[in-house]
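Notes follow the structure.
In this text the structure is predicted, and so the values were computed from the model without any measurement.
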Number of protein chains: 2
Amino acid sequence: MEQNYPRPWVMVDIALFTIRDERLCLILTRRKEPPFEGLHALPGGFVHIQEDTDAEAAARRVIRGKIGFDAPYLEQLYTFSGAARDPRGWSVSVAYYALIPWSLLARSTSAEAFAVEALPPLPFDHPRIVAKAVERLRGKATYSSLPAFLLPAEFTMNDLHRIYEQTIGARLDKASFRHKILEQDIIEEIPGRFRTGAHRPAQLYRLSSKALTAFERKI
Amino acid sequence: MEQNYPRPWVMVDIALFTIRDERLCLILTRRKEPPFEGLHALPGGFVHIQEDTDAEAAARRVIRGKIGFDAPYLEQLYTFSGAARDPRGWSVSVAYYALIPWSLLARSTSAEAFAVEALPPLPFDHPRIVAKAVERLRGKATYSSLPAFLLPAEFTMNDLHRIYEQTIGARLDKASFRHKILEQDIIEEIPGRFRTGAHRPAQLYRLSSKALTAFERKI
DNA sequence: AGACTTAATTGTATTTTGCAAATAACAATT
DNA sequence: AATTGTTATTTGCAAAATACAATTAAGTCT
C-alpha cells in the first residue's frame, strides 16, 4: 500500500569548512546546469541506492569528486526536505559538514574558498544549511577536538590556539588553553619534533589516538 | 535527467523519552502489520509531500497520533538510510527525539513505556536509532535546559535536580546545581506557589521565557 | 511540645580560570 | 661574542567556580 506514496529525490549537500588567512571559509562549486546555473553552491549530489547506512558514503563520494581525497572530519549535520526547496520538485537533502586543512586544498585546482561572512548569493535553501553548519561547528568547537581537524597532521600549540579562537570567534587565554587541552589528552607531543625559526623552537603536536578513535566511533 | 534515479520512501521514526519511576523510558507501539508484525517498535510513519521544511511536521503528526497531543520538546536526531534497513526496499528515515513528562502520558491509553536499559527486541535499525538518541540526550543534558522538558510545567528544584541526575546518569551536588541553574536563567520562581507536605514547603518553578524561546528558535 | 522530613542556605577547602609578568630558546644583527 | 628581536613556555597570583559537609528553616504528624 505504501507503494503509492510519492517519493522524493534524495541528495547530499556538503558544508566544507577550511581556514584560510585566519578566516573560517567554505568551499563552493559553480553550478554548471540549471536551475541556478552559474551560481556558487554547496557541493552536492544524488544518493545512490547502494550507498548504505546513512548517506555518508554519498557524502564522501561528493567530497572526493570535489577535492580529490577524503576530508579528515565528516559528520552528518541535518536533513532538509520539502517541495519548496528545489524548483524541480520534492526533494530531501541530507546535509553534512566536513573540516579540511587549507594546506591540503592548496594543491586542489577547483577549490574556491569564501569567508563565511562574505558568501556569494546561494541557491536553493543553501543559506539555511550554511547557517546551521556554522552554528553546529561553533557549538561543538568549545568542548571537543573538532577544530584540530582544520590543521595539518603536525601543529604547534599556538597553531591550535589560533584555530580555536577563529572557529569559536572569541579570545581564549593562552595559559589556560594550554592547560585544558593537555589534560584532555586530545593531542600529544611528537617527541623531538619542533618548528624552528628566528625564535625559541615550538614543540610539534599531533592528534592523540584517543581523539582519533573518538571521531571514528559512530554508533 | 535525474528523473531516472531510483527514489526511496521517506519516513520519520520517533524516540519518545519520558521518565517514569525515576527511570529514563521510551514509548513504543506494537506493530499491527508485517514486516515484524506484533513487535514493539518506535512510533513512525511516512512523510507526506505537503509537509514542508524538514520532516518536523510529519514527526509532530506521528506524535499526535500516538499520544494525542504535541510533545513539549522535539528535535531532529539523525537520518538513517540504505537498502538494508527495511526488508521492503530502499528507505530513508529521518529520526527525531522528543521529551514528554510522564504526568501527561498517564491519561493516554496506548502509551507503553519501557526503560531504556530493558527494551524488548526492536525491528529494522531501531536499536541503532535508540542508541543514537540516548547518546544525544545524555550529551545535551549537561549544558542545556533539556531535561526540564521531562517535567510538568510546575516543578521544585529537587524535581529538577533528580531529573538531571537521571538523564545524565551521575550524581550532582545539590548546592552547586541550584546555583548554576538559577544563574543560567532557564527557570524562574512562580511567586507564591509551593509544594507542601510533611516538611518545609518547596518553591515551585517553571521554565523561563528565555528557555522556551531558545527552544523555539530554529534556523 | 517534640519528632520527623524535606527545603534551602551557609561555610570552607579545593579546583579551575583569567590575567599579567617572567623566563626560555633560538636567529639575526651589530 | 654580545645584543636585539621574536615567539614559546612557564610561573604566580587573584578571582571565580565547584565539591563537600554541616547547619538552619518550615512545615506535618503524633
A/His199 NE2: over 12 foreign heavy atoms closer than 6.0 Å: yes
B/Asp86 side chain to B/Ser91 side chain, donor-acceptor N/O pair below 3.5 angstrom: no
Backbone N/O of A/Leu42 and side chain of A/His126: donor-acceptor pair under 3.5 Å: yes
B/Lys180 vs D/dT18: side-chain N/O to OP1/OP2 distance below 4.0 Å: yes
Positions of residues 200-208 of chain B (non-hydrogen atom under 4.0 Å from DNA chain D), listed by number: B/Arg200, B/Pro201
Length of the CD-P vector between A/Glu183 and C/dT15, whole Å: 12 Å
Side-chain donor/acceptor of B/Thr196 to base of D/dG27, under 3.5 Å: no
Value in whole Å for how far the P atom of C/dT9 lies from CD1 of B/Ile181: 15 Å
A/Glu188 versus A/Tyr205, side-chain donor and acceptor atoms under 3.5 Å: no
Separation of atom CZ in A/Arg162 from atom P in D/dT7, rounded to whole Å: 10 Å
Gap between atoms CG and C1', on B/Asp159 and C/dT6 respectively (whole Å): 12 Å
Between B/Gln166 and B/Tyr164, a side-chain donor and acceptor under 3.5 Å: no
Whole-Å distance separating the NE2 atom of A/His199 from the P atom of C/dA24: 18 Å
Polar contact flag, side-chain donor to acceptor under 3.5 angstrom, A/Thr167-A/Arg138: no
Nearest-angstrom distance from the residue atom CE of B/Met157 to C1' of C/dT9: 12 Å
Separation of D/dC20 C1' from B/Lys174 NZ (nearest whole Å): 14 Å
